[in-house]
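Scroll down for the structure; my scribbles are underneath it.
For ligands, and for the atoms within them, numbers begin at 1 and follow the listed sequence.
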Amino acid sequence: MKQAITAFTISLLLATGMSAQAQPAPDTLFQALGKEAGISQIVDELIKLLMQDERIKTSFKETDMRRLAVLLKEQFCVISGGPCKYTGDDMKVVHENLGIKAAQFNALAEDLQIAMDKLSISSATQNKLMAKLAPMKRDIVIVK
Ligand code: HEM
C-alpha cells in the first residue's frame, strides 16, 4: 500500500511539473484578452473600424471618441473579470434615444471580431467576450 501511494505521488509530481512547463491557459477572460494592455489595443482597433464603417459611423458623429474609448476599456475590463471600475452611464440610458437597429448592433459586433482577429485573439476567447456583450443587445437596440 505504502509503495502504491509513493508511486501515485511521484506520478502526480511528474504530471504537475509537466503542466507547469507547458504554457497553462489563462484562467480568466481578462487574462486571455491580454489584461488592460490587450483590451486597450482591442478597443483602439474597434474605434478605428467603427469610425470607417458606413453602417454605423454617422451614429458617432457627435461623440467624444476619446471618452468612449476610455469607457469601453473600463467596461470590457469589468465584464471580463478584470480589476477595473466602469465609470460610464447605464447602457439603456446611454443608447435609448439613439434609435439603434439590430443590424447596427451586429455591425459593431462584427467590427469587434475583426479587431480581435487582427490582434490574434483566439476564437474561443472572442466567443467568450461576445457572449458577455450579447445580453446588452436588449438595452441598446430599440428599433427591431
Ligand atoms: C455591445 C455593443 C455596445 C456596447 C458594449 C456599447 C458600449 C457603450 C459605452 C460603454 C458607451 C459610453 C457610455 C457613456 O457615455 O457613459 C457608449 C456610448 C455610445 N454608444 Fe454604444 N455600445 C454598444 C453598441 C452601440 C451601437 C451598435 C451604437 C450605434 C451604432 C452605439 C452608439 C453609441 C453612441 C453614439 C454613444 C455615445 C453617446 C453619447 O455620447 O452620449 N453603441 N456605448
Where Leu46 and Leu108 come nearest, the two heavy atoms and their spacing: CD1-O, 4.0 Å

Under the side chain to side chain contact (heavy atoms under 4.5 Å, CB included) rule, what do Asp44 and Lys73 come out as? Steps first, then yes or no, please. CA-CA 9 Å; Asp44 288 343; Lys73 287 171 193 181; 2.9 Å; yes

Subset of ligand 1 atoms that lie under 4.0 Å from at least one heavy atom of Leu108: 2 (C), 24 (C), 25 (C), 26 (C)

Which of the atoms in ligand 1, numbered in the order shown and given with their element, are less than 4.0 Å from a heavy-atom of Ile100? 26 (C), 27 (C), 28 (C), 29 (C), 31 (C), 32 (C)

To make sure I understand the geometry: which N, O or S atom in His95 is closest to atom 21 (Fe) of ligand 1? NE2

Mind checking the CG-OH spacing from Leu72 to Tyr86? Nearest 0.5 Å is all I need. 8.0 Å

Under 3.5 Å, is there a donor-acceptor pair between the Asn106 and Lys137 side chains? yes

Verify atom 41 (O) of ligand 1: protein non-hydrogen atom under 4.0 angstrom away: no

Quick one: does Leu129's side chain get under 4.5 Å of Ile121's, heavy atoms only? no

Using a 4.0 Å heavy-atom cut-off, say whether Glu62 meets ligand 1 through its side chain, its backbone, both or neither. neither

Residue, atom name and distance, where the atom is the protein heavy atom closest to atom 33 (C) of ligand 1: Phe60 CE2, 3.4 Å

Under 4.0 Å to a heavy atom of Tyr86 - the qualifying atoms of ligand 1, by number: 10 (C), 13 (C)

Would atom 28 (C) of ligand 1 count as contacted, meaning some protein heavy atom under 4.0 Å? yes

Below a 4.0 angstrom heavy-atom separation, can you tell me which part of Leu98, side chain or backbone, both or neither, approaches ligand 1? side chain

What protein heavy atom is closest to atom 39 (C) of ligand 1, reported as residue, atom name and distance in Å? Thr63 OG1, 4.6 Å

State plainly whether the residues Asp64 and Arg66 are in salt-bridge range, i.e. N to O under 4.0 Å. no

About how many Å separate CD1 of Ile42 and CD1 of Ile47, when rounded to the nearest 0.5 Å? 12.5 Å

When distances are taken from atom 38 (C) of ligand 1, the protein heavy atom at minimum range is Val94 CG1, 4.1 Å

Heavy-atom nearest neighbour in the protein, as seen from atom 17 (C) of ligand 1, with distance rounded to 0.1 Å: Leu68 CD1, 3.3 Å

Purely on distance, is any nitrogen or oxygen of Ser59 under 3.5 Å from one on ligand 1? no

Looking only at protein heavy atoms, which one is nearest to atom 16 (O) of ligand 1, and how far off is it? Asp89 N, 2.8 Å

Pairing of Lys48 and Asp53 as salt bridge, 4.0 angstrom limit: no

In terms of its nearest heavy atom to atom 5 (C) of ligand 1, the top option of Gln75, Met91, Lys61, Met65 is Gln75

What do the steps show when you test Phe60 against Leu50 for side chain to side chain contact (heavy atoms under 4.5 Å, CB included), and what is the final call? CA-CA 9 Å; Phe60 298 95; Leu50 58 84; 3.7 Å; yes

Atom 2 (C) of ligand 1 - nearest protein heavy atom and its distance: Phe105 CE1, 3.5 Å

Which atoms of ligand 1 have any heavy atom of Ile56 under 4.0 Å away? 30 (C)

Could you state the interatomic distance from NZ (Lys128) to CG (Leu133), rounded to the nearest 0.5 Å? 14.5 Å

Rounded to the nearest 0.5 Å, how far apart are SG of Cys84 and CZ of Phe76? 12.5 Å

Quick check: does Arg67 get an N/O under 3.5 Å from an N/O on ligand 1? yes

Among protein heavy atoms, which lies nearest atom 4 (C) of ligand 1, and at what distance? Ile140 CD1, 3.8 Å

Side-chain (Glu74) to main-chain (Thr87) donor-acceptor, under 3.5 angstrom: yes

Give the atom numbers and elements of ligand 1 that come within less than 4.0 Å of a heavy atom of Gly88. 16 (O)

Nearest heavy-atom neighbours spanning Met136 and Lys132: CE-O, 4.3 Å

For ligand 1, which atoms have a heavy atom of Met136 less than 4.0 angstrom away? 5 (C)

Judged by non-hydrogen atoms, does Lys137 sit under 4.0 Å from ligand 1? no

Minimum-distance protein heavy atom relative to atom 14 (C) of ligand 1: Leu71 CD1, 3.5 Å

Is it the side chain (CB and beyond), the backbone, both or neither of Asp64 that lies under 4.0 Å from ligand 1, heavy atoms counted? neither

Mark yes or no for whether Gln104, through its side chain, and Lys101, through its backbone, hold a donor-acceptor pair below 3.5 Å. yes

